[in-house]
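Throughout, a chain's letter reflects where its sequence line sits, starting with A, and its residues are numbered from 1. Hydrogens, waters and symmetry mates are skipped; everything else that's a heavy atom, side chains included, is used.
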Amino acid sequence: MPEWITKPWPWYVAGPLIGLTVPLLLLIGNRTFGISSSLRHVCAACLPAKIPFFNYDWKKEIWNLFFVAGVLLGGILAANFLMDSTPMVVNPKLVSEMATYGIDNYNGLVPSQVFNWPALLTTRGFILMVVGGFLVGFGTRYAGGCTSGHSIMGLSNLQWPSLVATCCFMAGGFIMANLILPFILKM
Amino acid sequence: MQKPINTDFEIRSENAMCVNQSELSSPLSSNIKYLLAGILFGIVLIKAEVIAWFRIQEMFRLQSFHMYGVIGSAVVVGAISVFLIKRLGLKTIDGETIRLEEKKFSKGQIYGGLLFGFGWAMTGACPGPLFAQIGSGALVVIVTLLSAIAGTWVYGSIKENLPH
């Protein structure tokens, strides 16, 4: 495999490719790009429980579930066939901060020292994986979309509510990463 | 419970994202193209390290331009594409007129946006990357995904009591 494929792709290659997902989905089927709705469709399909928010014909939206199944498959393909095994290169400031939490392994895109099965039973792991996941699902639906639906699709269509949402995503991330996460990671 | 079509669309469209704009009925096999689009998208997410927890930490500490470059250039390319589609009146490959929905403002974009921002910094993932992280072999992220589905479900069950 040529090196330009196996090395991490620079932002000016990856960003435009992600942006092209918007016209791709519009042109192949009139679908607006967005991923968090797939979580809602799963709720509607598996456990609608007479909640009006989940009582709709989710089968009409099944394209969205095919799309996320593809994202999963793409992850398998890229991780197994399109990657070299060199550790990630990250900012030295982050390296020294992470060292204070005992995190020093930069192999893999998901740090195994933080995200692993036994860690689920620790306070730190439970908060990061279970509480963090809950906030992703709750927050995106409350906001009516996620990074794809609001930040990419919504901003591409010049929707100001999507700009509000994107600013709040970033504000929440800054607050968590700088003010709260250090305490969680020390647990 | 079968709802009248209009009501059904209302419920679907209040969720501003991912509304199926197509009126055409489509057999299941016609969805393979979305699977392929998803595969391409998943590969880009992995190769650009957009799903990497450390890249997300760098972004929220202003320690790297990478994620800003990715999102910024994606929006520029997306916006030019949407402009051209509207300007040229392009149709889908099935000949349908392309329709884009206006997004309505609600306070949810503020409260929900902040809560999602917290979760993004904790998990290093938005919903799309969750799927790609699992595909990359981090199987424990299945728990995070199930928890995100639970979060969506809880939102749906209490949304009437939340400020919007």
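If you measure heavy-atom distances from B:M67 to chain A, you find no contacts under 4.5 Å at all. Neither the backbone nor the side chain of A:K59 comes within less than 4.5 Å of any heavy atom of chain B. In this structure, the portions of B:I110 lying under 4.5 Å from any heavy atom of chain A include both its backbone and its side chain. Only the side chain of A:L120 comes within contact range of chain B, judged by heavy atoms closer than 4.5 Å. In this structure, no portion of B:I142 lies under 4.5 Å from any heavy atom of chain A. With a threshold of 4.5 angstrom between heavy atoms, B:I149 approaches chain A through its backbone and through its side chain. Within the 4.5 angstrom heavy-atom criterion, only backbone atoms of A:P10 (N, CA, C, O) approach chain B. With a threshold of 4.5 angstrom between heavy atoms, A:W160 approaches chain B through side-chain atoms but not through N, CA, C or O. B:V82 touches chain A through its side chain: at least one heavy atom from C-beta onward sits under 4.5 Å away, while N, CA, C and O do not.
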(message) Could you go through A:V71 and B:L45, starting from their C-alpha distance and side-chain angles, then the distance that decides it, and tell me whether this counts as side-chain contact (heavy atoms from CB on, under 4.5 Å)?
(response) CA-CA 9 Å; A:V71 175; B:L45 288 184; 4.2 Å; yes
(message) Evaluate A:F53 against B:Y155 for side-chain contact (heavy atoms from CB on, under 4.5 Å), listing each step before the verdict.
(response) CA-CA 9 Å; A:F53 193 64; B:Y155 168 73; 3.7 Å; yes
(message) Please determine whether salt bridge (Lys or Arg N to Asp or Glu O under 4.0 Å) holds for the pair B:R61 and A:E97, giving the CA-CA distance in whole Å, both sets of side-chain angles, and the decisive distance to 0.1 Å.
(response) CA-CA 11 Å; B:R61 287 170 178 75; A:E97 186 194 334; 2.7 Å; yes
(message) Set out, in order, the CA-CA distance, both residues' side-chain angles and the distance that settles side-chain contact (heavy atoms from CB on, under 4.5 Å) for A:N91 and B:S64, then state yes or no.
(response) CA-CA 7 Å; A:N91 190 305; B:S64 164; 5.7 Å; no
(message) Using side-chain contact (heavy atoms from CB on, under 4.5 Å), reason through A:N157 and B:K86 one step at a time and then give a plain yes or no.
(response) CA-CA 10 Å; A:N157 195 26; B:K86 285 181 177 169; 2.7 Å; yes
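The candidate from A:V22, A:I175, A:L39, A:L17 with the greatest count of non-hydrogen atom pairs under 4.5 Å with chain B is A:L39. Ranked by heavy-atom pairs under 4.5 Å with chain B, the list A:V68, A:L82, A:I62, A:I28 is led by A:I28. Heavy-atom pairs under 4.5 Å with chain B were tallied for A:A69, A:P111, A:A171; the largest tally goes to A:P111. Contact count against chain B (heavy-atom pairs under 4.5 Å) is highest for A:T6 among A:T6, A:N80, A:T166. Per-residue counts of heavy-atom pairs under 4.5 Å with chain A were compared for B:G38, B:A37, B:G69, B:A138; the largest is that of B:G38.
For an aromatic pair to be called close, the ring centres must be under 6.0 Å apart, and A:Y142 with B:F116 fails this. Here the two rings, on B:F41 and A:F67, have centers that are under 6.0 Å apart.
Contact check for A:T140 versus B:C126: no side-chain heavy atoms found under the 4.5 Å cut-off. The shortest side-chain heavy-atom distance between B:R55 and A:V90 falls under the 4.5 Å cut-off.
Cluster membership check: A:F115 shares its hydrophobic cluster with A:I184, using side-chain heavy-atom separations under 4.5 Å among Ile, Leu, Val, Met, Phe, Trp and Tyr.
Of all heavy-atom pairs spanning A:G74 and B:I43, the tightest one is O-CG1, 3.6 Å.
Remark: of the listed residues B:T144, B:L145, B:V141, B:T144 is the sole one forming a side chain to side chain contact (heavy atoms under 4.5 Å, CB included) with A:M129.
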